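Just follow the structure's listing: the first ligand is 1, and inside any ligand the first atom is 1. All heavy atoms count here, side chains included; hydrogens, waters and symmetry mates do not. All values reported here derive from a predicted model rather than from experimental measurement.
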Amino acid sequence: MAVAFAPGKCILFGEHAVVYGHPAVAVALDQGVHVSLEQSDEWLIEGSPFIPDQHPHISHILHDLFKYESHPLSIKIKSELFSAAGLGSSAALSVAFGAALQTYLRNDEELDVIKLAKMGHSAEAISQEGRASPTDTAASALGGCIVVSGKEVDGTINIFHSILKTPEGERKWSINKVNIQNKSNDIYLILGFTGDASPTGKMVSGVSNLLISNPNKFQEMEAIASITTTGLTALSIGNFEAVGIAMDACHAKLQELEVSTPSLDRLVDAARPYSLGAKMTGAGGGGCMVALSRNPQRVAEEIEIAGGSPLISKLGSKGVCIVK
Ligand code: MEV
């Protein structure tokens, strides 16, 4: 038997702008996905027959990447993340499944986290018609704080590069890490789920149409890029007051791009009096907001009162690991 865990992620800065080559900053969450694999007489997932077409991530990793031809497996999945909420649950599933399979097949090997990040990205691309940024899978595999950008980013440590053939042509990213200075360990993220799914593809194409009909909106993209750079500097020196201000500013620009919703705005407003900053996170249109605070329980209560489901996490948790 092999069991692996991979965390979900939260984008602190740069969602949507990253699609246009600007940097995005994401952190791994405490919560994630556990995958366990066990030999079985037939292919099972959660005790029911495994139908490959219904699980494109898993099928791609099994057959295209591992060329798996051995005996059937029973696959069990336990997720602590809201799904379709912008917290990277499908990326965490791919990374945890790849890690569990690597361990199951080659018991003695250490996890190759860069290989797992690339494997997860390839699985995401397969199931998203060739369009996926490496942000979610890199954060899930590497853990900590990740900066993904079309070009090198000053003040970060480059970990690897990623290339993907998309329907619009080849795209390249540089995946970098930043060490967050959180010496007193008193800073938390509080995620608030609106209860509505976040349709990433629809939101990304909505922004693209907005930019075509109103090219002035490119200014908002540039503004998000410079807020991301400011927020990243603040994170790396541990100035969380400045990180919070940058998060508030980023939310205002995402509202200008028309990707926030009244439910997201309501949760952001509820969290702000007890937070250093708060914003929507991910593609928007639903999904989650995130607040940064030294008073996580109070923020979680306010999110709940405003109708959201809260989740509290440290800022930049560990990446993929073997549990058994
Ligand atoms: C979605 O979590 C983030 C977006 O920037 C899309 C992407 O990076 O592929 C909206």
Put together the list of close N/O pairs, under 3.5 Å, between ligand 1 and the protein, could you?
residue: ligand 1; atom: 5 (O); partner: His16; partner atom: N; Å: 2.9
residue: ligand 1; atom: 8 (O); partner: Ser133; partner atom: OG; Å: 3.2

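The residue from Gln297, Arg298, Arg294 that alone fulfils the side chain to side chain donor-acceptor pair (under 3.5 Å) condition with Tyr274 is Arg298. Under the side-chain contact (heavy atoms from CB on, under 4.5 Å) test applied with Leu315, the options Asp30, Asn185, Leu235 reduce to a single match, Leu235.
Residues Leu210 and Glu258 meet the side-chain proximity criterion, which asks for heavy atoms closer than 4.5 Å.
The 12-atom threshold is not exceeded at NZ of Lys76, counting heavy atoms of other residues, nucleotides or ligands nearer than 6.0 Å. Atom CG of Asn214 sits in a crowded spot, with more than 12 heavy atoms from other residues, nucleotides or ligands closer than 6.0 Å.
In this structure, the ring of Trp173 has its center less than 6.0 angstrom from the ring center of His121.
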